[in-house]
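I have placed the structure first, in the form of structure tokens, so that the comments after it can refer back to it.
In what follows, chains carry the letters A, B, and so on, assigned in the order in which the sequence lines appear, proteins first and then strands, with residues in each chain numbered from 1. Quick caveat, the model's predicted, so the values are computed rather than measured. Values reported hereafter were calculated over all heavy atoms of this structure, with side chains retained and with hydrogens, waters and symmetry mates removed.
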Amino acid sequence: MTDQSTESTVTLTIDGRRVEAEAGTSVLYAALDAGIYVPHLCDHPDLPPYGVCRLCVVEIEGVEGLPSSCVTPVAEGMVVQTQSEQITQARRLAMELLLAGHPVDCGICQKYLNCELQSLKQYLGVEESRVKRRSKLLPVNNSNPLFVYDPNKCVLCGRCVRACWELRGVGVLYYKKQGKEFHIFTREGASLAESGCRFCGACAEVCPTGAIQDKEGLIKGDNRKAGLVPCKSSCPAEIDVPLYVRLVKEGDYPAAAAVIREKVPFPWVLGYVCDHPCETECRRGEVNEPISIRELKRFAAEHDDGSLWRDKMTPKDPTEKRVAVVGSGPAGLTAAYYLRLQGHDVTVFESLPAAGGMLRYGIPEYRLPRSVIDSEIKEIEAVGVKIETGTRVESLDALFEQGYEGVVVALGTHKGQKLRVPGANSAGVLIGTDFLRDVNLGNEVAVGKRVVVLGGGNVAFDCARAARRMGAEEVNMACLECREEMPAGPDEIREGEEEGIVIKPSHTSTRMLSEDGRVTGVEFLDVEAFFFDEDGAPQIDVVEGSLHALEADTVIFAIGQRPDIPEGFDLDKTDGGLIELDEFTGSTSREGVFAAGDAVSGTASVIKAIASGRKAAVAMDKYLGGSGRIDRKVAPQVEVPACLGPGPGFAALGRAADRCVIPDDLTGNFCEVVESMGEDDAREESTRCLQCDLRLKIKTVDFWGSF
Amino acid sequence: MDYDRLKAEATARRAGQEPVCGARGAVVDVGAFERRVALRNLGRVDPGSIEDYIVTCDGYSGLHRALSIGREAVIAELEKAGLRGRGGAGYLTALKWRTCREAEADEKFVVCDAIDAHPWTRTAQTLLGGDPHSVLEGLLIGAYAVGAAQCFLCVNADYREQIALLRDALDRMRDCGLLGHGILSSEFSCDVEVCATAGSLVAGEETALIRILEGKQALPYLRFEYPAVQGLHEKPTLVNNLETLAVVSALLQGRAGAPMAGDTKIVTICGDVEREMTVEVPLGMSIGALLEAAEGASLGELGVKAVQFGGPTGAFFAAGSPASGGVGGSLDTPITFEHIEAAGSVMGSATLRVVGGGPDGVCAVQMARDAMAYLQEQSCGKCTSCREGTLQLVDMLDDILDSRATAEDLELMLELCEAMRTGSICGLGKNAGAPLLSALTLFGDDFDAHLHDGHCPAKE
Ligand SMILES: Cc1cc2nc3c(=O)[nH]c(=O)nc-3n(C[C@H](O)[C@H](O)[C@H](O)COP(=O)(O)OP(=O)(O)OC[C@H]3O[C@@H](n4cnc5c(N)ncnc54)[C@H](O)[C@@H]3O)c2cc1C
Ligand SMILES: Cc1cc2nc3c(=O)[nH]c(=O)nc-3n(C[C@H](O)[C@H](O)[C@H](O)COP(=O)(O)O)c2cc1C
Ligand code: SF4
Ligand code: SF4
Ligand code: SF4
Ligand code: FES
């Protein structure tokens, strides 16, 4: 042969049509690729051919009987018929046999309308059955995390077994016989976890029936694919978590950092303080404990040399458009960064002496070292974002007059609140955010020896722990919620208690006790129940006769804060005093003014502020005539192997131990309290990941309707 | 160590040796109808003494000869003898060996199938218990011919004694330089591992056996390529039955003689008989004649209803001459691959399971039902047609027994048998219909009695 292509290409005839196919292809795929539908069930494009369901039978000239097209390789000059009376009969009998032990009622199955078996049954028009139908009456197995197996729906197509052995190389699923009936299970009938399952979900993904399904409620949202990788979809900025976790596992830390950098300019900050909604959703959490996603982020950032992203994240050609950003918190700086990369001329105005917003003036230093904030802000300035600190913006008109064509308002929530109770204005009663700002500014703060903090969230803990560091000897924290429902994260609560903070849950304060205008204590009632009524208004049931008091020389309110929006901004606000945004355009009530961060959402989180800053940048860029496409691929594209290998002990691997170190003497000590993860720990932790994203690479089988 | 020294040393050692197991040089009672090739040394050799095998049985002279004539000549010799595999399918051994030899790979394997998967067969038990070295010698010859350096001898795990004997034999071979590096001072290096394998009907099937060796579940596989090209760990793998290998060593030793080698078969006679026995007989003898010779009585006296030949998937054979073309045959059917195949069956394990009680003793429907029920129990569950077909057929045969079935059911039964034949991966499913179909051919009246008259002929 002379022509290269003819060596690897085979020409055959299917249903009278000349069809070309790669040598080694099965007749089934030669037909499907040519748009000729041949029913098939046991075959799956990602799995080795099996030849057991017999739905794909065809006639081939010169071949006895009806060969299964999925296990017959194409040959030069082959003549294939995919439809005939005899073929239809054989396919129907095969379908009747598959359905003999399968439940009759499809309507009550979760897989209804997404079931390959159902679709094939309709295609073949098998309603009546000549073979006897029966109920297998096998028990449904609900005992494993993540998946449910209903052997009664199983048609023994063997896809899950092949996915487990051949695709993933894990090897825990077996054919099993119970009485006369077969089902699929682990070798010794042990749990999936004990058998070395890696919980990759390939079995559930390839199952053509409703036999193996994801547990109800685990896959959230309308987008099934996104729901399968909840760490990524629950990240407000949609950071590709499984990808960077995998890169840490492989030891490519700069690449891991680059993946995070594709979505956020603050990987390192997030590594310290992100409230990690991803970990709450992480599927590993169903098996034992979620992946330490945040710690791995910090690890990646700490081991980043910038080599993969720094020279790719540079501004596009100048657009000659000027943008002002009000507020240098994470929302404002994120918006500024992406707008600058889109080629605009961006200036950030900040009323406080340094940039960073609540990162610097809310979150205390022992949780987030200032050098970390500085270094990430330096990268933002390095692309040309100008930051004017000590400059409070009072009027948007003034900015437009100065020639700015657009403004992003991201001024956070900096106005703290006090409860309206008697004595709230006594000396020694402070507001949390003001207190923390003073601490962070290094201002003189008058903290006594006995402090009561009112509030149960993270801000309250920051106040309490900062107070300890400012010299308080006894710190009580009182909140309305019961212990289980305190809004602060478990880490924060544990660390706070380790630092000697006493938590008084289910407490409502009735008044501040004072002497000579100075606070001396707080009076409380115990809370029986705290809930929100139908209108969302808080309701408190108190315990009769539970009045009691705590002595204090300082009381700090940490019960929420609101934006402080200057009159001159002239923006529409919500009932809660937040900036109102148009749902679709993301614009405020004023043309050319966009908003982001806490000022829009109320005090939320750094990652939400960043995500919101990204949105504002997109909207603003489009407003200024840009494409709004702010994402850049900077991480190297890697081919991910489908094979995971055997996983004995995998399920039991525990989450990396907490590395919190509380100093013995807290006074004046603002050193960081959580140590970095070591390389071995990081590699081990990343190994625990179930790699939920691999499942998305499994192809979906086209139903006959699409032919 | 070269062959002469091996023999000299063995002779010297043997002189001072007590028999290890069994009597040495005992007189063996061989039936006049027998012809022994694979079982040639049975009862004559001390299975626990490699020296005895070397000195009195020309042991390892076949390997020695193979090493000197070269690979292709070894295969040519098998070809000339027309040797067909004794594992059941009767594939031409030389062809398989050549395919494997010509397959290009950095590594090849040989697997010896000594599972005795069929419940009544005793071939491996007999051969390995009585003369393990003639199998091991054949195994090494195979490895040499195809170019493999690692062999696996898969023995039914129930055969504890045989396994112990084999492990000991391997140690002795290693001591004598018959395993390991540079065997018999040649360039040929090889090792053998004995694998105790859980027996089941499918475990004996070669692709399932390969899976077991890979640490996977015993499920037969459909492949684009033969195991000889792509087998264990995707490498060319020669799979042979142990009887085949024992014949190979006989052939290469030059003792069997070319015409003889291809024409015997070890058979096991069982069921309703006086005495179960495993013997080697010349091919061509009829089923009935063999039975009469073995039992020393005429068929009439024996009161045979039918003989299921070839194992659980074998067809029934019975007195008289059934119409040709259908499955099943007469007891006059000669035991040859061709004749058995012509009766719609396979050589399989060449067991003769006698169903006694005379023509009216047992109901053929019951006979067919029991055969099907066993296959249902043994089906590995992979193929829809075999898994579900056997289950449905048992059910339908029960209906016939209870006289609840109709002629339409019979039609569906035939269709199911055909679906199993064409739609199953391995021999179990492919041949699962044979017992039923042959019962229908031979004993249609029994079925009719149930279907039309609603009574069982055996219960009159
Ligand atoms: C004590 C505390 C602890 C927290 N801990 C965490 C945590 O651990 N994890 C987490 O995810 N989130 C935490 N948060 C929440 C998080 O810090 C915020 O959600 C986030 O910083 C909001 O970002 P932002 O950019 O919207 O606003 P901010 O960070 O508040 O930034 C707004 C900036 O605008 C400036 N500004 C305001 N008005 C003007 C004006 N008129 N002109 C110029 N500048 C102005 C402010 O000075 C400020 O610097 C915490 C918040 C607090 C208060
Ligand atoms: C269900 C089934 C069971 C089998 N059991 C055995 C067995 O126990 N021993 C054996 O040697 N071959 C058995 N075979 C045949 C093997 O698959 C294979 O054909 C044979 O070992 C090849 O060796 P040969 O060429 O020497 O005959 C079985 C086949 C099937 C379908
Ligand atoms: S569980 Fe699903 S994929 Fe597995 S064999 Fe049953 S039907 Fe097939
Ligand atoms: S296991 Fe890994 S991929 Fe799955 S949700 Fe958790 S972090 Fe994400
Ligand atoms: S024919 Fe039966 S025993 Fe053989 S592979 Fe198929 S299901 Fe298993
Ligand atoms: S798709 Fe071909 S046999 Fe199942």
Item checked: Distance in Å, A:Arg130 CZ paired with B:Glu415 CD, rounded so as to fall on 0.5 Å steps -> 4.0 Å
Next item on the list: Against chain A, work out which of B:Gly429, B:Ala419, B:Ser385, B:Cys380 has the most heavy-atom pairs shorter than 4.5 Å and name it.
Entry: B:Cys380
Margin query: Just verifying a value: how many Å separate A:Arg187 CZ and B:Gln217 CD, rounded to the nearest 0.5 Å?
Written below: 8.0 Å
Checklist line | Criterion salt bridge (charged side-chain N to carboxylate O under 4.0 Å, His left out) on A:Lys136 and B:Glu388, from CA distance to verdict | finding: CA-CA 12 Å; A:Lys136 294 190 188 169; B:Glu388 200 55 56; 6.0 Å; no
Margin query: Need one label for A:Arg54: side chain, backbone, both or neither, based on atoms under 4.5 Å from any heavy atom in chain B.
Written below: side chain
Check: By a 4.5 Å heavy-atom criterion (distance strictly below it), what part of B:Glu408 contacts chain A: side chain, backbone, both, or neither?
Finding: neither
Next item on the list: Taking all non-hydrogen atoms of both residues into account, name the closest pair between B:Ser379 and A:Lys177 and its distance.
Entry: O-NZ, 3.5 Å
Margin query: Could you check whether any side-chain heavy atom of A:Arg134 comes within less than 4.5 Å of a side-chain heavy atom of B:Leu391, counting everything from C-beta outward?
Written below: yes
Notebook entry, point to check: Between B:Leu412 and A:Glu96, is a side-chain contact (heavy atoms from CB on, under 4.5 Å) present by the stated rule, with each step listed?
Noted result: CA-CA 12 Å; B:Leu412 180 58; A:Glu96 286 174 22; 5.5 Å; no
Check: Checking B:Lys382 against A:Tyr50: charged group under 6.0 Å from the ring centre and within 45 degrees of the axis?
Finding: yes
Margin query: If I measure from the heavy atoms of chain A, does B:Gln392 come under 4.5 Å with its side chain, its backbone, both, or neither?
Written below: side chain
Check: Relative to chain B, which segment of A:Lys180 carries a heavy atom at a distance below 4.5 Å: side chain, backbone, both, or neither?
Finding: both
Check: Side chain, backbone, both or neither: which part of A:Phe182 has a heavy atom under 4.5 Å from chain B?
Finding: side chain
Note to self: Looking at every non-hydrogen atom in both residues, tell me the closest pair between B:Lys216 and A:Trp165 and how far apart they are.
What the structure shows: CG-CZ3, 3.3 Å
Margin query: Are more than 12 heavy atoms, taken from residues, nucleotides or ligands other than B:Tyr91, located less than 6.0 Å from that residue's OH atom?
Written below: yes
Notebook entry, point to check: Relative to chain A, which segment of B:Cys386 carries a heavy atom at a distance below 4.5 Å: side chain, backbone, both, or neither?
Noted result: neither
Check: Between A:Val155 and chain B, which part of the residue has a heavy atom less than 4.5 Å away: side chain, backbone, both or neither?
Finding: backbone
Margin query: What verdict does the side-chain contact (heavy atoms from CB on, under 4.5 Å) test give for A:Leu93 and B:Glu418, after you've listed the backbone C-alpha separation in whole Å, the side-chain angles of each residue and the deciding distance to 0.1 Å?
Written below: CA-CA 11 Å; A:Leu93 181 61; B:Glu418 181 60 11; over 6 Å; no
Checklist line | chain A interface, residue from B:Thr422, B:Thr384, B:Thr390, B:Leu222 that has the most non-hydrogen pairs under 4.5 Å | finding: B:Thr384
Checklist line | Side-chain heavy-atom pair B:Leu416, A:Leu97 within 4.5 angstrom cut-off | finding: yes
Check: So do B:Ile425 and A:Val52 actually touch side chain to side chain, heavy atoms under 4.5 Å?
Finding: yes
